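Worksheet for the structure shown next.
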Amino acid sequence: GFGERKAKAERMFSLMDGFLKNDPFSLQKDILHHVEYTVARSRFNFDDYEAYQALSHSVRDRLIERWHDTHTYFKRTKPKRLYFLSLEFLMGDAALGNGGLARFSACQMDSLATLDYPAWGYGLRYEYGLFRQIIVDGFQHEQPDYWLNFGNPWEIERIHVTYEVKFYGTVEDVDRNGEKHEVWIPGETVEAVAYDNPIPGYGTRNTINLRLWAAKPSNHFDLEAYNTGDYINSIVNRQRTESISNVLYPDDRSHQGKEMRLKQQYFFVSASLQDIIRRFKEAHNNFDELPEKVALHLNDTHPSLSIAEIMRILVDEEQLDWNKAWNIVCKIFSFTTHTVVAEGLEKIPTDLLGSLLPRHLQILYKINSNFMEELKKRIGLDYNRLSRMSIVEEGAVKSIRMANLSIICSHTVNGVSKLHSDTLKMRTFKDFYELWPEKFQYTTNGVTQRRWIVVSNPSLCALLSKWLGTEAWIRNADLLTGLRDHVDNTGFRHEWKMVKRLNKMRLAEYIETMSGVKVSLDAMFDVQVKRIHEYKRQLLNIFGIIHRYDCLKNMDKNDRTKVVPRVCIIGGKAAPGYEIAKKIIKLCHAVAEKINNDADIGDLLKLVFIPDYNVSVAEMVIPGADLSQHLSTAGHEASGTGSMKFLMNGCLLLATADGSTVEIIEEIGSDNLFLFGAKVQEVAELREKGGALKVPLQFARVLRMVRDGYFGDKDYFKSLCDTVEVGNDFYLLGSDFGSYLEAQAAADKAFVEPEKWTKMSILSAAGSGRFSSDRTIREYAERTWKIDPCQCPF
Ligand code: 4GP
């Protein structure tokens, strides 16, 4: 009866007694609870790591509550959702990505959650993240990063959220209502298991999800193998399928034609799309609604097999007519490209694709032939242009051009800075731009101030809130412009200097523990940290340091007192197969060895290479930097996000007019940074000069020193020197060297006037608001994805 039902309901509610509480006592209680019952140690006897695990579980419980509330609310209100597809996320402890692209994905997730957007991230749960770099005798060695060794308390394993992902096999014709249709009969099945990583927003209950897939063998047995008695081997083979999500490819920008990489991409795409389509079908029953409810974002071309896969699902499985499906699909994808270099554009050999995914290759051919027909109608029989724009590249190795595919199917093609987008339009994707100018947009990158100030620089965080009179800048970085009002206040400037000094102290201690080098806090801390790449020109930096050393050695003792002491800090990983990058690391160590052991030079110049540069190291290095260097040859850095982190932390930039630096100049004014080098429009002309290019004597002298073995290992460095020899110097180190030295001199000159320097530092941070990923995400949401905030009201 009614009374009984009422009593039952009351019992239920009394059991669900509200949310977990956040006061210190409740948290302490929970931590002890987890020590005892989750970590299974005695609450009277546990170590720091176990305490950390128990704490993580206590926080995780609270995140799970918020996660549930957020997703219940999304389910109920059915907003249009964004699915952010990325093969790489560089979160921090979990190094599931290489460099800029991956860290940018992590910043975007933080902003999506904070701004209450109904978004999901999808990625791969690599068991081995980016390798750890160790330095032996100045050489980089790679060590595997098995980051799951001690478990990962932040993830939620969803053993029931699994999908089958299929590979290989054949395509067969079937009869469907008297019509002939192609269907895929796959040959191998792997299971994808979901691991959810809650992403909490700041100052909101909204907590979104980063769902990462892991591979495990499916329970579908190969009957044949079992019947022939090959029991052991078939189990061993099954184990091999697990390896799909094992390891992250450590090359940024160039992934070409490796079967395992292709398997990873499809595994990721297939599991994600099955999940997305299932969720869509639970709430909607007509695929016409897909573009109103789903935005799929391709973070670079890595997930672009999604296009073929969703066509396969709609046409082969959901039995939609091809043209109808294609019209839907073209309305849901957007695409961001993160590179300008040609080798960064992914190509997949058709042989490889055809054997792994035969039906997808057919679909890609069909997309292409339809596109070619349409194109002929629009541009006529311009065969050169047609072949450039084709998805299929003919040639020695016939392959699929993933960028062309992504552009053709996406409604928006995004560059990551204004300059990058201009380069895409004028050069890389010129043919497509002429066809569809309206598709090409740019959304300048950004970084999250929550991690890059609040977490990594707590003293600056407190100072900002004090002088801005509010903490609101943590959610609205535009408020940082308010610092401009205080720049003439000496009290404020004094506190600003103290914060920098504190962070330099922290960094100096780290340097001493890592490298044994003692550095002076009065020296200028001059930093270049990022992946090692020829175009990023770490070699220019090292040559500048050699030049400085050479000048010091040849200088009168009296004149030396006028020199600004420097601590030059370089850090970054080289892709394991990238020989020239590895030689740059070795040269850095060889030069450091010489300089740091020269008693005659003392504190005037030090060079340290910080090993294993990663997110945690960045959190220490960036707040402690006075000057940071961004030296890419103009036109080669798509955006650059490191510069934005330094800017936020009041570090001055020494940079070329490349990527987002052009926009940073607009924001802080060219007086507040040290600009040098050829402009993007000059680069081609300089290159054409080849052997006739003028190079300053100082450059020739430094190059000679390295060639002659002044830093040892002369044979080893020969090929490195060759890359910058006149006539061969593609990245124009020689021709930019003169203006580089001038910019360095200007930095020295500013540094000896501490008040001037501090003002420049404050104005840098004050202008950094535009480079918050919150601005980036809002622009994407409003212009590209057309999604609205959806704030969970609980
Ligand atoms: C990087 C770009 O090199 C960098 O300029 C940009 O800021 C970053 O992406 C985020 O957009 N590219 C990669 C890559 O990391 O793997 O191509």
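Just so we're clear, the structure is a prediction, and the values are computed from it rather than from any experiment. Just so it is clear, the values below take in all heavy atoms, side chains as well, and ignore hydrogens, waters and symmetry mates. Remember, it's 1-based here, ligands and their atoms both numbered in the order they're listed.
- Every atom of ligand 1 is numbered from 1 in the order shown, and the set under 4.0 Å from a heavy atom of Y535 is 3 (O).
- In summary, the side chains of H360 and E309 do present a donor paired with an acceptor at a separation below 3.5 Å, with no hydrogens or angles considered.
- Residues R450 and V455 form no side-chain contact, since every pair of their non-hydrogen atoms from C-beta on lies 4.5 Å or further apart.
- Residue contact check: T641 has heavy atoms under 4.0 Å from atoms 7 (O) of ligand 1.
- Checked by distance only, ligand 1 and D300 stay at 3.5 Å or farther apart across all their nitrogen or oxygen atoms.
- Note: no N/O pair closer than 3.5 Å links K536 and ligand 1 by distance alone.
- For atom 6 (C) of ligand 1, the candidate residues are G100, G446, G640, G415; the nearest heavy-atom contact is made by G640.
- Between the side chains of Q133 and Y613, no donor-acceptor pair is found at a separation under 3.5 Å.
- Taking every non-hydrogen atom of A638 and a distance limit under 4.0 Å, the qualifying atoms of ligand 1 come out as 5 (O).
- Side-chain polar atoms of S334 and W785 form a donor-acceptor pair below 3.5 angstrom.
- With S417 contributing its side chain and S639 its backbone, the two residues share no donor-acceptor pair below 3.5 Å.
- For the 3.5 Å distance criterion, the side chains of E779 and T443 fail to qualify, holding no donor opposite an acceptor.
- Proximity of V416 to ligand 1, defined as any heavy-atom pair under 4.0 Å, is confined to the side chain (atoms from C-beta onward).
- In N445, the part holding a heavy atom less than 4.0 Å from any atom of ligand 1 is the side chain.
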